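Working notes, structure below.
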Amino acid sequence: MAKPRSWTQIWPSIVGVCLLNFVLNFKIVAVADDTGSNSIVSEGDCKNTNYQIFLPPPYQNISSTICKPVWHSYELRYTKTGDTTTIILSAPYTVGWVGIGFSRDGMMAGSSAMVGWINKHGHAKVKQFYLRGRRQSEVIIDKGELPLNTVPAAVATNGAEIYIAFQLQTTIPFGKQPILLAFSTKHPLNHHLSKHVDKTAIIFDFSSGSTGPVSNGLIHMRKSHGIVGIIGWGLILPVGAIIARYFRYKDPLWFYLHSVIQFVGFSFGLGTVLLGLQLYRNMHVHIPAHRGIGIFVLVLSILQILAFFLRPDKDSKYRNIWNLYHGWFGRMALFFAALNIVLGMRAAGAGNDWKAGYGFLLSIVLVAVIVLEVLAYLKRSEKRSLPQTFQMDPVGEANFPTNLAKG
C-alpha cells in the first residue's frame with residue numbers, strides 16, 4: 001500500500017488544515033456512506049481524544065480502549081465487549097485515502113481492508129475492499145472477509161487527523177494479527193483506489209497490545225508450505241500412481257519404483273502438513289476448508305502406507321478387496337490433494353506465477369494420464385481382437401502311434 005513522506009513535506013499541509021479547522025470549526029462525519037457523556041481516552045503514548053466531538057454512536061460512547069502507536073503517527077485503538085471488537089485507527093490526513101488491512105501472512109494479496117477518505121466534495125466515505133491481487137482491477141469494493149457487524153463503520157476528520165472506526169463480530173478471539181497500513185495522496189476515482197504512497201506490515205497482538213514487524217521467516221515458511229505441497233502432491237505422488245497403473249508389464253521393476261516414489265511423496269506431504277501446522281500456530285490463520293482437507297488427505301496417505309505393510313499374497317482371497325481399497329483410496333487422496341492446492345493458493349492470494357506454474361504441472365499430468373489410458377485401452381482391444389492360437393490336445397496326440405510294429 002508506497003515512499004514515506006518526510007515531515008518537512010507534510011507539516012505545511014498539516015498546519016494549514018489545523019488553521020482552517022480552528023477558524024471554521026470544520027468537522028466531517030460519515031457512517032458507511034449513510035447520508036451524539038464525554039469519553040476522553042488516554043492510554044500509553046497515545047494522545048487524549050474526545051470522541052464525542054466527531055464520532056457518531058456507538059464509537060463516541062467508548063469509555064476505555066487500549067491504544068498503541070503503530071507506524072509514524074498512526075494510532076490503533078481497540079476494545080472488546082463480548083464477541084464485539086471495536087477498532088479505531090487514527091492517522092495524519094490532508095487528502096487521499098487511509099486504509100487498514102487484515103492479512104493472513106503480512107502480504108497484500110488475499111487480505112481485506114477498511115479504507116476511509118474525504119472526497120473532493122467534502123463527503124466522508126468508508127468502504128471495505130478485498131485485495132485479491134496487486135493490480136488495481138483486483139482491489140474489489142464492498143467485498144472482503146472481515147466479520148463486520150450491523151453497526152455501520154464510520155470515518156471522520158478531527159483537525160489534521162482522520163479516524164476510521166468499525167466493529168468486528170467474531171467468537172474467535174484475536175491474537176497476533178498481521179496488519180497492513182497504507183495511505184495515498186490521491187482521491188479514489190469512482191471508488192477505485194489509487195496506488196498507495198507508502199505502506200507497512202506489522203504484527204499486532206490484540207491480547208497484549210504489543211506490535212512488531214512481520215517476520216520474513218513466516219513469509220518464507222508460507223512459500224515453503226506451498227512449494228513442498230506442490231512437489232509432493234502435485235508431482236511425485238501422481239508419477240508414482242501412473243507407474244503403478246500403466247507400467248505393470250515391467251514386473252517387478254514397476255513395484256519397486258512405485259513403492260520408493262510413493263514413500264518419497266508421502267515424506268513431502270507430511271512435511272507440507274507440518275509446515276501448515278507451524279503456520280497456524282504462529283499466525284493463527286483460520287482457513288477451515290484448507291486445513292480440514294489437508295488433514296483428510298494426510299489420513300488417506302497414512303492408510304496407503306499401512307496398505308503397503310498389510311498387502312496380502314496374490315493368491316489370498318482378500319487380495320481383490322485390498323486392490324480396490326488401495327486403488328480408490330489413492331485416487332481420492334490425489335483428487336483432494338489437487339483440490340487443496342488450489343484452495344491454498346486462493347486463500348494465500350497467490351500471484352499469477354504460482355497459478356500458471358501449478359496449472360502447467362497439472363496439465364502435463366492430466367495429458368500424460370489421458371495418453372497412457374488411451375494406449376492401454378487400444379492394447380487391450382487389440383488383444384481381444386486376436387484369434388486364439390490353435391493348440392493340439394496332448395491327450396489326442398497320444399492316440400497316434402509314433403512307431404510301427406516291425407514284421
Side-chain angles (χ1 to χ4, degrees), residues 7 10-81 84-100 113-128 146 148-169 179 181-185 187-188 204 206 209:
W7 277 107
I10 295 176
W11 76 263
S13 299
I14 294 179
V15 170
V17 173
C18 286
L19 290 174
L20 183 62
N21 179 68
F22 178 77
V23 174
L24 300 179
N25 192 24
F26 177 74
K27 181 177 74 173
I28 300 176
V29 176
V31 183
D33 272 1
D34 292 336
T35 347
S37 82
N38 285 0
S39 235
I40 298 179
V41 184
S42 177
E43 309 89 0
D45 299 325
C46 294
K47 300 179 290 294
N48 292 339
T49 305
N50 188 345
Y51 297 132
Q52 188 181 25
I53 297 176
F54 54 90
L55 282 179
Y59 307 108
Q60 65 175 206
N61 301 322
I62 295 174
S63 58
S64 62
T65 61
I66 298 174
C67 180
K68 290 292 179 180
V70 287
W71 181 51
H72 297 329
S73 297
Y74 285 55
E75 295 176 349
L76 184 60
R77 295 169 171 83
Y78 70 97
T79 184
K80 183 173 176 61
T81 305
T84 302
T85 301
T86 301
I87 297 174
I88 302 175
L89 175 71
S90 62
Y93 185 77
T94 52
V95 294
W97 57 262
V98 171
I100 174 172
M114 295 298 293
V115 180
W117 69 94
I118 310 299
N119 66 18
K120 296 179 180 179
H121 304 290
H123 300 144
K125 304 286 183 179
V126 56
K127 291 286 185 180
Q128 180 180 189
L146 295 179
L148 298 173
N149 65 6
T150 56
V151 176
V155 61
T157 56
N158 181 41
E161 290 186 315
I162 190 169
Y163 287 75
I164 302 172
F166 54 95
Q167 290 186 337
L168 303 178
Q169 195 80 21
I179 294 290
L181 300 168
F183 70 89
S184 173
T185 56
H187 291 105
F204 191 90
F206 282 90

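Small disclaimer: the values here were computed from a predicted structure and weren't measured.
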Checklist line | Side-chain heavy-atom pair L76, K68 within 4.5 angstrom cut-off | finding: no
Note to self: Looking only at the aromatic ring of each residue, does the gap between the centers of F204 and Y78 stay below 6.0 angstrom?
What the structure shows: yes
Check: Between V155 and W117, is a side-chain contact (heavy atoms from CB on, under 4.5 Å) present by the stated rule, with each step listed?
Finding: CA-CA 8 Å; V155 61; W117 69 94; over 6 Å; no
Next item on the list: Measure the CG-CD distance between L146 and Q167 for me, rounded to the nearest 0.5 Å.
Entry: 13.5 Å
Item checked: Test item: H72 and L181 side chains (from C-beta on) under 4.5 Å apart, heavy atoms -> no
Next item on the list: Quick one: closest heavy-atom pair of E161 and S73, and the distance?
Entry: OE2-O, 4.5 Å
Check: Hey, are the side chains of I100 and F166 touching, using non-hydrogen atoms and a 4.5 Å cut-off?
Finding: yes
Margin query: Would you compute the distance between atom OG1 of T185 and atom CH2 of W97 and round it to the nearest 0.5 angstrom?
Written below: 10.0 Å
Check: What closest approach, in Å, do A165 and I88 show between heavy atoms, and which atom pair accounts for it?
Finding: CB-CG1, 3.8 Å
Margin query: Which heavy atom of Y74 sits nearest to which heavy atom of A182, and what is that distance?
Written below: OH-O, 4.1 Å
Checklist line | Pair I179-V70, side-chain contact (heavy atoms from CB on, under 4.5 Å): steps then yes or no | finding: CA-CA 10 Å; I179 294 290; V70 287; over 6 Å; no
Notebook entry, point to check: With a 4.5 Å limit on heavy-atom distance, are the side chains of R77 and Y59 in contact?
Noted result: no
Notebook entry, point to check: Can you find a pair of side-chain heavy atoms, one from F206 and one from I87, that are under 4.5 Å apart?
Noted result: yes
Next item on the list: Look up atom CG in L89 and atom CD1 in I162, then write down how far apart they are to the nearest 0.5 Å.
Entry: 9.0 Å
Next item on the list: May I have the step-by-step check of side-chain contact (heavy atoms from CB on, under 4.5 Å) for K127 and V115, ending in yes or no?
Entry: CA-CA 5 Å; K127 291 286 185 180; V115 180; 5.6 Å; no
Next item on the list: Working to the nearest 0.5 Å, report the span between NZ of K125 and CG of N119.
Entry: 5.5 Å
Note to self: If you compare all heavy atoms of I164 against all heavy atoms of G116, which two are closest, and at what distance to 0.1 Å?
What the structure shows: CD1-N, 3.6 Å
Next item on the list: Using the side-chain contact (heavy atoms from CB on, under 4.5 Å) rule, take L168 and T84 through it: C-alpha gap first, then chi angles, then the decisive distance, then the call.
Entry: CA-CA 6 Å; L168 303 178; T84 302; over 6 Å; no
